[in-house]
Amino acid sequence: MRLENGIAIKASQLSQSFRRADGQLVDALSSVNFEVLKGQFVCLIGPSGCGKTTLLQIIAGLLLPSSGILEVGNQVVTRPSPERGMVFQKDSVFPWMRVINNVEYGLACRGVGSGERRAIAEHYLERVGLAHVARAWPRELSGGMLKRVAVATVFANGASVLLLDEPFGALDYVTKRHLHNVLLTLWAETGRNKPRTVLFVTHDVDEALILADRILVFHTGRIVDDLALVAPRPRTTDTLLMPQMVQNKHLLLAHLGLETKQAGTGATSSIVRAAND
Ligand SMILES: Nc1ncnc2c1ncn2[C@@H]1O[C@H](COP(=O)(O)OP(=O)(O)O)[C@@H](O)[C@H]1O
Ligand SMILES: [Mg+2]
């Protein structure tokens with residue numbers, strides 16, 4: 001089976017069930033099908049517990065699906081690979097290694113020589129604005145700086161598929177916006193020689209609208225919407241005011257249960273439902 005040229009990731013009838021401690025089966029993913037093009041920046045959005053992390057773990061090769069097939073670059077994924085880099089929701093940095101050693105660790109594991117890996121690590125630390133803390137310990141860095149280290153590391157490793165699981169979820173607005181710029185700049189730059197396909201999980205609607213070429217909306221283990229965002233880049237706060245973006249924002253908020261859909265019109269009202277969770 002060969003993926004068509006241009007397709008980076010393909011999920012076919014992908015399902016994952018877990019048995020909970022009380023013996024009940026939970027369907028984290030139910031017959032999920034999608035294709036992602038090479039170089040595409042895709043955001044996954046959906047309420048907590050809808051299977052986003054499970055999907056990223058399967059793509060990373062950390063979890064084998066209960067059924068169905070997940071292919072990356074013409075190969076069925078059965079184990080982790082340096083071609084697929086993941087930034088986890090929580091810490092992605094080893095606390096016992098200095099910053100520079102963290103960034104070059106993956107390269108060292110793959111036998112890249114010390115001079116070359118140091119140069120690559122220094123390059124990406126500089127790109128994320130952390131050259132001055134290369135010799136520091138992670139405990140000396142702020143939360144935003146640690147996320148920069150994680151971004152530098154995943155790019156230094158040279159993966160062609162980047163799996164980012166709510167990487168900036170815990171950060172303040174300003175730090176988050178800076179990191180969006182850093183991430184998008186690196187993604188666009190490396191795209192010319194070697195396209196980097198990004199799957200970025202978020203529950204932040206504005207973050208998805210700023211970052212994504214496409215947004216996959218998940219609900220209880222299924223894809224319930226697939227939105228293409230054609231707004232030009234770089235995107236700014238003004239971009240978010242474009243009619244297409246405003247419409248998509250309402251649609252996403254409705255999917256997240258924060259706005260009610262008006263029957264028959266396809267539009268959403270701005271009545272915010274009382275939080276029910
Ligand atoms: N290892 C596990 N064992 C049992 N249940 C799990 C496990 N991992 C995830 N789940 C369940 O699968 C569902 C999807 O989880 P997850 O993929 O983490 O969702 P999300 O990332 O969208 O919040 C949830 O109901 C969660 O409780
Ligand atoms: Mg999750």
Side-chain angles (χ1 to χ4, degrees), residues 9-34 36 41-72 77-80 84-93 143 146-147 150-151 153-154 159 161-171 176 179-180 183 197-212 214-227 248-249 251-259 275-277:
I9 304 171
K10 180 172 181 178
S12 313
Q13 295 294 109
L14 202 64
S15 297
Q16 180 71 51
S17 342
F18 293 109
R19 193 168 290 283
R20 286 201 321 225
D22 62 6
Q24 282 251 317
L25 269 185
V26 184
D27 290 326
L29 294 173
S30 305
S31 300
V32 168
N33 296 294
F34 65 88
V36 174
F41 198 122
V42 179
C43 281
L44 311 180
I45 202 163
S48 184
C50 68
K52 305 179 298 292
T53 295
T54 301
L55 176 63
L56 255 52
Q57 286 177 333
I58 292 173
I59 301 173
L62 299 170
L63 187 66
L64 279 176
S66 308
S67 63
I69 294 176
L70 191 282
E71 293 161 275
V72 172
V77 170
T78 53
R79 63 173 86 91
R84 286 168 269 125
M86 185 142 171
V87 173
F88 296 92
Q89 209 165 341
K90 300 228 174 83
D91 297 339
S92 277
V93 175
L146 289 173
K147 287 300 176 189
V151 169
T153 305
V154 83
V161 172
L162 308 185
L163 306 165
L164 311 177
D165 194 359
E166 300 193 31
F168 310 145
L171 302 178
K176 212 187 233 198
L179 281 168
H180 291 158
L183 176 61
T197 309
V198 180
L199 259 62
F200 185 108
V201 172
T202 179
H203 52 248
D204 178 334
V205 169
D206 283 342
E207 180 168 59
L209 292 170
I210 287 276
L211 294 176
R214 177 180 173 201
I215 302 177
L216 292 178
V217 185
F218 277 75
H219 201 280
T220 53
R222 295 174 193 278
I223 296 176
V224 294
D225 213 342
D226 184 350
L227 308 175
N248 280 322
K249 181 165 179 170
L251 200 57
L252 290 169
L253 290 172
H255 277 305
L256 295 173
L258 293 170
E259 292 192 0
N276 53 8
D277 59 352

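Order of appearance sets the numbers: ligands from 1, and atoms from 1 within every ligand. What you see is a predicted model; the values in this text were computed from it and never measured.
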Beyond-backbone contact of [X] with [Y], side-chain heavy atoms, under 4.5 angstrom:
X      : Y      : answer
Val201 : Leu55  : no
Pro47  : His203 : no
Val77  : Arg84  : yes
Val72  : Thr197 : no

For the Mg ion (ligand 2), every protein N/O/S atom that sits closer than 2.8 Å, waters excluded: Thr53 OG1
Short question: side chain of Asn33, backbone of Gln13 - any donor-acceptor pair under 3.5 Å? yes
Working for side-chain contact (heavy atoms from CB on, under 4.5 Å), residues Glu166 and Lys52: CA-CA 10 Å; Glu166 300 193 31; Lys52 305 179 298 292; 4.1 Å; yes
Pairs under 3.5 angstrom, nitrogen or oxygen on both sides, ligand 1 versus protein: list them out, please.
unit_1, atom_1, unit_2, atom_2, d
ligand 1, 17 (O), Thr54, N, 2.9
ligand 1, 17 (O), Thr54, OG1, 2.6
ligand 1, 19 (O), Gly51, N, 3.2
ligand 1, 21 (O), Thr53, N, 2.9
ligand 1, 21 (O), Thr53, OG1, 2.8
ligand 1, 22 (O), Cys50, N, 3.1
ligand 1, 22 (O), Gly51, N, 3.1
ligand 1, 22 (O), Lys52, N, 3.0
ligand 1, 22 (O), Lys52, NZ, 2.9
ligand 1, 23 (O), Gly49, N, 2.6

Flag the pair Asp226 and Arg214 as a salt bridge only when some basic side-chain nitrogen lies within less than 4.0 angstrom of an acidic carboxylate oxygen.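 Yes.
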Flag the pair Phe168 / Phe200 as yes when their ring centroid distance falls below 6.0 Å, and as no otherwise. yes
When you check the side-chain N and O atoms of Glu207 and Thr202, is any donor under 3.5 Å from an acceptor?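 Distance-only check passes for Glu207 and Thr202.
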